[in-house]
Amino acid sequence: MTDPAIIFSPAARFNPALRRALNDILGGSAASVLAVTFGLSYALLIFTGPLSPYLSYGIAATFISSAVLAAVIGLGSSLPFAVAGPDSTTAAVTGILAASLVERIEAANLSAPLLSPVLITLGLSTMLTGIVLCGLGLTRMGRAIRYVPYPVIGGFLGATGLLIVMGAIRVITDHPVQFATLPRFTNGVTMSELGAACAMALVLYLTWHRSRNAFGLPIILVGGMLAAHLAFRIAGISPEEARALGWMFQPPPPATFMLPWHIDDLAHYPWFAVPDLLGNVVAVIFVSASSTLFNTTGIEVAAHREANLERELNTTGAANILSGALAGYAGCISVSRSILNFSSGGRGRLSGFTVAAISLLMLAIAPELLGFMPKFVLGGLLLYLGADQLHKWLIESRKRLSKLEYLSLVAIIAIIVIWGFVPGILIGVIIGCATFAFSAARVESIKYSFDGAEYRSSLDRSRDDQEVLLAHGGKIQGLNLQSYLFFGSANRLYQHVKKLLHERPECRYLLFDFKLVTGVDSSAAYSFAQIKRSAGDLGVELILVYLPAAAEKVLRSSDFLGDGVTVIPELDHALEWCENELIAQHQGLAQEEANLRDWFAGILDSEDDADELIRRCQRLEVEAGEIIVQAGDAADSMHFILDGRVGIMIPAEQNGMTRVRSLGRYTTIGEMGLVSQTPRSATIQAEVDSVLYVLNTHQFDAIRDEAPALSRKLLTYFVSVMAERLTFANRTIAVLRR
């Protein structure tokens, strides 16, 4: 969007402040066209049926609300160009509130006055709405509405659209949409009125809906009014006859402003009806809060401006408190009016005051305009507004909602229309939670699985040990878990484990990695207890790694932790423990005694070369925790690990060290540094008491010069070791990328 360059006079050319003021007045005037048109339709929507005789008071309440909301929100909004007023959704629920009160009053006493109780109800509900909105803004709890399930919001707003359509039909025909009144709609005049209103709504959709021109709506409405009067003249029907036939509104008296806060009015108020009205009052509050937040977000996106949601709630709350004190009804910031003002050049707060001034001016003009207005013109506008809302939530939402979410949205619309807003909200939240639980249960709780043959610990082992793990690694099975584990997903995990144990009867160690698990509930603990029983029957040990404290508490309270279940902090240590158990089972104690000569003879395929290499190495004993090589040191030697275990350490957070790999007996370390002569990239530390043999650079160079055959065998061995490590790394990466 670009600001239009509007210059009205030479003075404006040289006075930027005056030019901005004129732009604000022009933008506010354009937005006022929508405010006036919508205001008339909202007054008819609320003051219909038994309240029709009091339409002049409804017009006054409507435009007083428009003036107060536009002025206060224009003054305090974080979006200076914002224009506020009664909205279609707030008007719909306000109309339902007024109709519910009238229904209860007439059920108790047909001769009871209606105007004062209705104005008191509208004022009190609007002030209560304002207080709640201010509370949400001050406590920063307004964002909590973002946690209401989307289908509930959509069903709620879709239901308001349907109620607007039903209210429009009542405005057009003077008959409520009920099963008992359906025969009345078969009347020829009634059908003609509805047909004309539908045609008007279709014209609005085909023209103004697509262009959103500032003056398109009043031109269409005036054109519809002139066309209706021309048709009446051609048919020989006078305005009085058209009113008698129900085609036109009876001209209301001048708009009358009345404050209902008199002691007599309050004393005769039907307080017995208040409990039955609480649900509709909650609906007014909910719609006002959600509309404030959603409309503000819509304006942010359309105008590329950032708003302060808490400030918007506070300002809207203050505006509604003042509107309610003046017997007005609820409203909020308007997307269509604010964007129209913005695109017309309005950028300042003067636009809101312009809308307020024109709204007050309409108190004198609106009744006369309404006397010349055919019902189907404003009724068609209401039909268009309601149908547009229904299309947005009933048709367009189908594209972005799952089938289950969409069905819940439709169900919520039906519940609200049949039973009211509060049952609709409560049942909708229950449906939303159930839908979420069902959807979450369908999320796979296993990110990937692995076994000990393809994914091992970071401990480098001898070839004999590797052969054992390659042959029997399938006895180690691992499952990397994810998401939140509750009754649905945990039961699917149990079924998966049962199938795994059936397909892998050789499994003896089953690892569960909880690193990506966000939580575990008590029903999931029951599923884990089932897993424990199934594993125990088959002699399978369960190992839990990265178990969060909260999950451990839940599992411990269900007596899951105990015999047959081992908790190890890290996956690498858990894998190392399982591997050690397997190696001990399949190799026994025969290789516990280190035999350096047999080892070297095995890798060099020559006892003489083994003796030569031993002669050139220096024996080194280190204790647990002792540093063997420091990162950054010159790579002047390599180490043959005869017994024990050493770890490769790199710096971690808070001046700590973390192990990235361990090497056990009959493995080597530092051979690449010895060949490439690059500085040490990591620190090597003994994890347990160890015995190493060191081959330094001088001896390695001497072997190259004096025993070239031994030198070639060593280099071949180094290459095979690096190839094995690269193969292991590739397998690990393949598992992690599943």
Side-chain angles (χ1 to χ4, degrees), residues 446 448-481 496-513 531-532 534-546 563-595 598-599 602-603 641-647 659 661-668 687-688 720-721 723-736 738:
I446 302 173
Y448 62 84
S449 58
F450 58 89
D451 63 42
E454 61 181 352
Y455 187 57
R456 299 203 296 268
S457 71
S458 61
L459 175 62
D460 271 7
R461 298 183 183 273
S462 67
R463 290 184 176 179
D464 292 339
D465 290 350
Q466 292 183 37
E467 290 177 359
V468 171
L469 295 178
L470 188 61
H472 303 282
K475 294 185 177 182
I476 303 173
Q477 297 291 325
L479 299 175
N480 182 275
L481 307 181
H496 179 89
V497 170
K498 283 180 61 179
K499 182 179 178 181
L500 173 66
L501 297 179
H502 176 73
E503 295 176 350
R504 297 294 185 92
E506 73 276 11
C507 176
R508 288 297 172 266
Y509 303 97
L510 183 57
L511 284 79
F512 293 98
D513 184 352
I531 292 174
K532 181 179 179 180
S534 298
D537 294 340
L538 299 174
V540 177
E541 179 83 10
L542 301 182
I543 298 97
L544 313 183
V545 298
Y546 293 117
D563 294 340
V565 179
T566 302
V567 179
I568 300 178
E570 295 180 351
L571 177 61
D572 189 61
H573 289 152
L575 287 170
E576 181 183 327
W577 180 82
C578 295
E579 292 166 359
N580 291 338
E581 292 291 315
L582 280 182
I583 292 171
Q585 293 170 11
H586 291 85
Q587 288 188 340
L589 302 176
Q591 296 183 355
E592 288 297 324
E593 298 181 0
N595 191 322
D598 290 345
W599 178 27
I603 63 177
I641 305 173
L642 177 61
D643 194 18
R645 184 174 72 234
V646 302
R659 185 186 77 170
R661 195 165 185 80
S662 290
L663 297 100
R665 60 179 184 167
Y666 301 150
T667 60
T668 59
E687 296 184 356
V688 297
S720 67
V721 169
E724 291 172 356
R725 292 174 180 171
L726 181 59
T727 301
F728 169 74
N730 288 337
R731 287 201 303 266
T732 301
I733 292 172
V735 172
L736 295 177
R738 290 178 182 173

Report the C-alpha separation of Arg731 and Glu454 in whole Å, then their side-chain angles, then the decisive distance to 0.1 Å, and conclude whether the salt bridge (Lys or Arg N to Asp or Glu O under 4.0 Å) test is met. CA-CA 6 Å; Arg731 287 201 303 266; Glu454 61 181 352; over 6 Å; no
Apply side-chain contact (heavy atoms from CB on, under 4.5 Å) to residues Val497 and Leu510 and explain how you reach the verdict. CA-CA 9 Å; Val497 170; Leu510 183 57; 3.8 Å; yes
Tyr666 and Ile641: side-chain contact (heavy atoms from CB on, under 4.5 Å), yes or no, with the steps? CA-CA 6 Å; Tyr666 301 150; Ile641 305 173; over 6 Å; no
Let's go through Leu500 and Cys507 carefully: what are the C-alpha distance in whole Å and the side-chain angles of both, what is the deciding distance for side-chain contact (heavy atoms from CB on, under 4.5 Å) to 0.1 Å, and is it a yes or a no? CA-CA 9 Å; Leu500 173 66; Cys507 176; 5.9 Å; no
Apply side-chain contact (heavy atoms from CB on, under 4.5 Å) to Ile476 and Leu511, showing your working. CA-CA 8 Å; Ile476 303 173; Leu511 284 79; 3.6 Å; yes
What do the steps show when you test Lys475 against Asp451 for salt bridge (Lys or Arg N to Asp or Glu O under 4.0 Å), and what is the final call? CA-CA 8 Å; Lys475 294 185 177 182; Asp451 63 42; over 6 Å; no
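When all heavy atoms are compared, the tightest approach of Gly664 to Leu459 is N-CD1, 3.2 Å. Counting all heavy atoms, side chain and backbone alike, Phe728 lies closest to Arg456 at CZ-O, 3.5 Å. Taking each heavy atom of Leu571 and Tyr546 in turn, the nearest pair found is N-CE1, 3.6 Å. The shortest non-hydrogen separation linking Arg665 to Leu642 is CB-O, 3.4 Å. Across every non-hydrogen atom of Leu575 and Phe450, the tightest pair is CD2-CE1, 4.0 Å. Shortest non-hydrogen contact noted between Thr668 and Leu663 is O-CD2, 3.3 Å.
The side-chain heavy atoms of His496 and Lys499, taken from C-beta on, include no pair separated by under 4.5 Å. Taking the side chain as every heavy atom from C-beta outward, Leu544 and Thr566 never approach each other to under 4.5 Å. Between Leu501 and Val540, some side-chain heavy-atom pair lies under the 4.5 Å cut-off. Side-chain contact between Ile543 and Ile568 is present, with at least one heavy-atom pair separated by less than 4.5 Å. Between Leu469 and Ile583, some side-chain heavy-atom pair lies under the 4.5 Å cut-off. At least one side-chain heavy atom of Arg661 sits under 4.5 Å from a side-chain heavy atom of Asp460. The closest side-chain heavy-atom distance from Glu503 to Lys498 is not below 4.5 Å.
When atom types are taken as modelled, the side chain of Ser534 and the backbone of Ile531 share no donor-acceptor pair closer than 3.5 angstrom. One N or O on the side chain of Glu579 and one on the backbone of Ser457 form a donor-acceptor pair closer than 3.5 Å.
There is no side-chain donor-acceptor pair under 3.5 Å between Arg508 and His472. Side-chain contact of Asn580 with Arg461: a donor-acceptor pair under 3.5 Å is present, judged by distance alone. Under 3.5 Å, the side chains of Ser458 and Asp572 contain a donor-acceptor pair of N or O atoms. At a cut-off of 3.5 Å, with distance as the only test, no side-chain donor of Ser662 or Glu576 sits close to an acceptor on the other residue.
The environment of Asp563 atom CG is sparse: at most 12 non-hydrogen atoms of other residues, nucleotides or ligands sit within 6.0 angstrom.
Relative orientation of the Trp577 and Tyr509 rings is perpendicular, given thresholds of 30° and 60° on the angle between their planes.
The CZ atom of Arg725 sits 14.5 Å away from atom CG of Asn730, with the distance rounded to the nearest 0.5 Å. Ile446 CD1 to Asn480 CG: the interatomic distance, rounded to the nearest 0.5 Å, is 9.5 Å.
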